[in-house]
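These notes concern the structure reproduced below.
Fair warning: this is a prediction, and the values are worked out from it, not measured in the lab. Letters go in sequence order (proteins before strands), and every chain restarts at 1. Worth knowing before you read on, the calculation uses all heavy atoms, side chains too, and leaves out hydrogens, waters and symmetry mates.
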Number of protein chains: 2
Amino acid sequence: MSEVALTQPPEAVEPRTLVEGAYQRLRRDIIEGVHPPGEKLRVEHLKDQYDVGAGTLREALLLLVTDALVVAQGQRGFRVAPISLQDFEDITRTRILLETEALRQSIALGGEDWEASVVAAFHRLSRAEQKLGDSEDYAQAASDDWEKRNRSFHDALISASPSRWIRHFQNILYQQSERYRRISLFRKPVPRDVHAEHLALFNATLARDTSRATAILTEHILRTLESVRHMPADFFSTRSKR
Amino acid sequence: MSEVALTQPPEAVEPRTLVEGAYQRLRRDIIEGVHPPGEKLRVEHLKDQYDVGAGTLREALLLLVTDALVVAQGQRGFRVAPISLQDFEDITRTRILLETEALRQSIALGGEDWEASVVAAFHRLSRAEQKLGDSEDYAQAASDDWEKRNRSFHDALISASPSRWIRHFQNILYQQSERYRRISLFRKPVPRDVHAEHLALFNATLARDTSRATAILTEHILRTLESVRHMPADFFSTRSKR
DNA sequence: TCAATCTTTTTTCTCGAGATTTTTAGATCG
DNA sequence: CGATCTAAAAATCTCGAGAAAAAAGATTGA
């Protein structure tokens, strides 16, 4: 695994080893709900599915513990981390705490390079949102594309923060949120007028209006909490195998 | 490994597997500086030193990546995470951000059980500090004991926070700070009048004076930064092997 | 029928050895 | 003398099989 120091943005790096490869594929499958929350992850089965040896797959699972996507219980194997409304509220609040702080720092310290990267990321995201709105053909590809650019935009916003630790934790939490979003919204059209929010956030940031930018960001993140709150009541019931 | 979901306070759990055992011992040795920052961690050597197989030791190393005490570079093995003044400043600031928030929540939500646990932890810590001050015999045991109780006190303060994520991240950062402290202060007497600070923090917390309590906590954490800042200039130079 | 105990099956954990890659050391050439 | 190339050595990564533990199923007795 090339440079697994502090969490890197997902597919940023090409896998240099089988462990790394299995880790990345497993992570994607967990986030996308292929392996639902609470599912028992049996090494003997998964090693065939992912085409690696048993030991190798174990190591991949251990790496996923780092992302808190998998929990390990001594002598009793591995499970996909469970989900709950309470957990998602916690994730959301903590994400707001970290991400607003990082944005604050970015606005305070960011130079021209940072501004340029924000402008570029915003442009790319806008294009994707336009494409999504234009034709109502809800292609999987377009949605995945939007997802990547959305993340890139959020990353760009806080990229001028000098705090590697905040960014590290933020990466983990974003990943977690992503799983909730993917599982709950299940390929539903991107909700509400998200473009307007991004635009407002973009303007406030470039205007270096810290309090306005952080307020918008807070609202922005909170809104995803709302959409999960309105899920059917039994949604978080354990669908674990055994 | 029993319940490795989100980071548990260190030796809270008895190791149920060889991996877990090796993990705990390795972690201790890294925090205590037995394996200095940047050191190459060769599986072939370490497996003898820790009396486990190669695969088992690899897994332990992978678990340490979770704590960011070890970094893995694909096809090039493992290293003890490097240190730098910049990194310690980051750790300190992020810790303040998380720990003050958690304290805020604790004060707002903590009930009688929480109060009782804070009182108890403070009492135990006071006794240890008294013991340390009384006889100037600086026993290793007394110092280790103080360390444990200090951590317990800080844990108790924020234990009423409902945020598992903040506590998880806080655990990681505390562990990191601990390594810096152990490496830099190298068995030096516990500096300054730390007892007075703890007392003030204790009083403000029980009085439910949020702003005063968080202010004291901030100062308290910042002071450890000062002591590292005054290290010899070349302290952070890489002492890595090769 | 139910609970407790024993047996069988499954799964996890652990180890050592082979295949690959990286690193080191030596040799060759400009 | 330094740089580049080549060969040997060391380290990492990977796999499958055996030991240990947990889970599932069967048996017995109240």
Side-chain angles (χ1 to χ4, degrees), chain A residues 1-5 13-27 30 35-36 38-66 69-82 238-242, chain B residues 1-5 13-27 30 35-36 38-66 69-81 238 240-242:
Chain A
M1 48 231 87
S2 45
E3 275 305 324
V4 183
V13 286
E14 201 65 15
R16 304 189 67 76
T17 151
L18 288 188
V19 173
E20 171 100 355
Y23 162 69
Q24 288 186 5
R25 281 178 290 156
L26 255 166
R27 181 177 59 186
I30 290 175
H35 302 295
E39 185 184 85
K40 191 100 213 317
L41 295 167
R42 291 187 187 79
V43 176
E44 285 302 311
H45 296 178
L46 267 51
K47 84 191 176 82
D48 299 325
Q49 194 174 338
Y50 290 88
D51 266 304
V52 291
T56 303
L57 193 96
R58 273 184 67 84
E59 294 197 2
L61 288 173
L62 252 4
L63 273 182
L64 283 163
V65 172
T66 302
L69 289 171
V70 163
V71 296
Q73 313 164 71
Q75 223 66 284
R76 287 198 287 168
F78 301 89
R79 276 180 183 281
V80 178
T238 38
R239 63 193 64 173
S240 62
K241 290 182 180 174
R242 290 160 193 268
Chain B
M1 45 233 83
S2 47
E3 274 305 324
V4 183
V13 287
E14 201 65 15
R16 304 189 71 77
T17 152
L18 288 188
V19 173
E20 171 99 354
Y23 161 69
Q24 288 186 5
R25 281 177 290 157
L26 255 166
R27 182 178 58 188
I30 290 175
H35 302 296
E39 185 185 84
K40 190 104 212 316
L41 295 168
R42 291 186 187 78
V43 176
E44 286 302 313
H45 296 179
L46 265 50
K47 83 189 177 82
D48 299 327
Q49 193 172 339
Y50 289 88
D51 265 304
V52 291
T56 303
L57 193 97
R58 274 184 65 84
E59 294 197 2
L61 253 15
L62 251 5
L63 272 182
L64 283 163
V65 172
T66 302
L69 289 171
V70 163
V71 297
Q73 316 165 72
Q75 222 67 284
R76 288 199 286 169
F78 302 88
R79 275 180 185 282
V80 178
T238 37
S240 62
K241 290 183 181 174
R242 299 172 180 256

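- We find that CG of A/L57 is positioned 12 Å from P of D/dT14, with the value rounded to whole Å.
- The nearest whole Å value for the distance from the CZ atom in B/R58 to the P atom in D/dC15 is 11 Å.
- Atom CG of A/D51 and atom C1' of D/dT14 are 14 Å apart (whole Å).
- For the pair A/A60 and A/A22, the tightest heavy-atom approach, listed with the atom from each and the gap, is CB-CB, 4.0 Å.
- A close approach under 4.0 Å does not occur between any side-chain nitrogen or oxygen of B/R76 and OP1 or OP2 of D/dT12.
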Stepwise, does the side chain to side chain contact (heavy atoms under 4.5 Å, CB included) test hold for A/V80 with A/L69? CA-CA 6 Å; A/V80 178; A/L69 289 171; over 6 Å; no

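- The backbone N or O of B/Y50 sits less than 3.5 Å from a side-chain atom of B/R25, completing a donor-acceptor pair.
- Between the C1' atom of D/dG16 and the NZ atom of A/K47 lies a distance of 8 Å, rounded to the nearest Å.
- Following rounding to the nearest Å, A/R16 (CZ) and C/dT21 (C1') show an atom-to-atom distance of 10 Å.
- Taking atom CD of residue B/E59 and atom C1' of nucleotide C/dC13, one finds them 8 Å apart after rounding to whole Å.
- A donor-acceptor distance shorter than 3.5 angstrom exists from the side chain of B/R79 to the backbone of B/G38, with no hydrogens or angles considered.
- Within 4.0 Å of A/L46, counting heavy atoms only, lies no atom of the nucleic acid at all.
- At least one side-chain heavy atom of B/L26 sits less than 4.5 Å from a side-chain heavy atom of B/L46.
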Start with the C-alpha distance between B/V43 and B/L61, add both sets of side-chain angles, then the distance that settles side chain to side chain contact (heavy atoms under 4.5 Å, CB included), and finish with yes or no. CA-CA 9 Å; B/V43 176; B/L61 253 15; 4.2 Å; yes

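- Nucleic acid contact for A/L41: sugar-phosphate only, since backbone atoms but no base atoms lie under 4.0 Å from a heavy atom of the residue.
- Residue B/T17 has no polar side-chain atom (N or O) positioned under 4.0 Å from OP1 or OP2 of C/dT12.
- Atoms CG (A/L61) and P (C/dT12) sit 9 Å apart, rounded to a whole Å.
- For B/T56, whose side chain is taken as the heavy atoms from C-beta onward, the closest listed nucleotide among D/dC13, D/dT14, C/dC15 is C/dC15.
- B/R58 has a carboxylate O that lies under 4.0 Å from a charged side-chain N of A/E59, or vice versa, which qualifies the two as a salt bridge.
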Quick one: which protein N/O atoms are closer than 3.5 Å to N/O atoms of nucleotides 7-11 of chain C? Pair and distance per line, please.
{"residue": "C/dT11", "atom": "OP1", "partner": "A/R42", "partner atom": "NE", "Å": "3.4"}

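- Atom OH of B/Y23 is separated from atom C1' of C/dT14 by 20 Å (rounded to the nearest Å).
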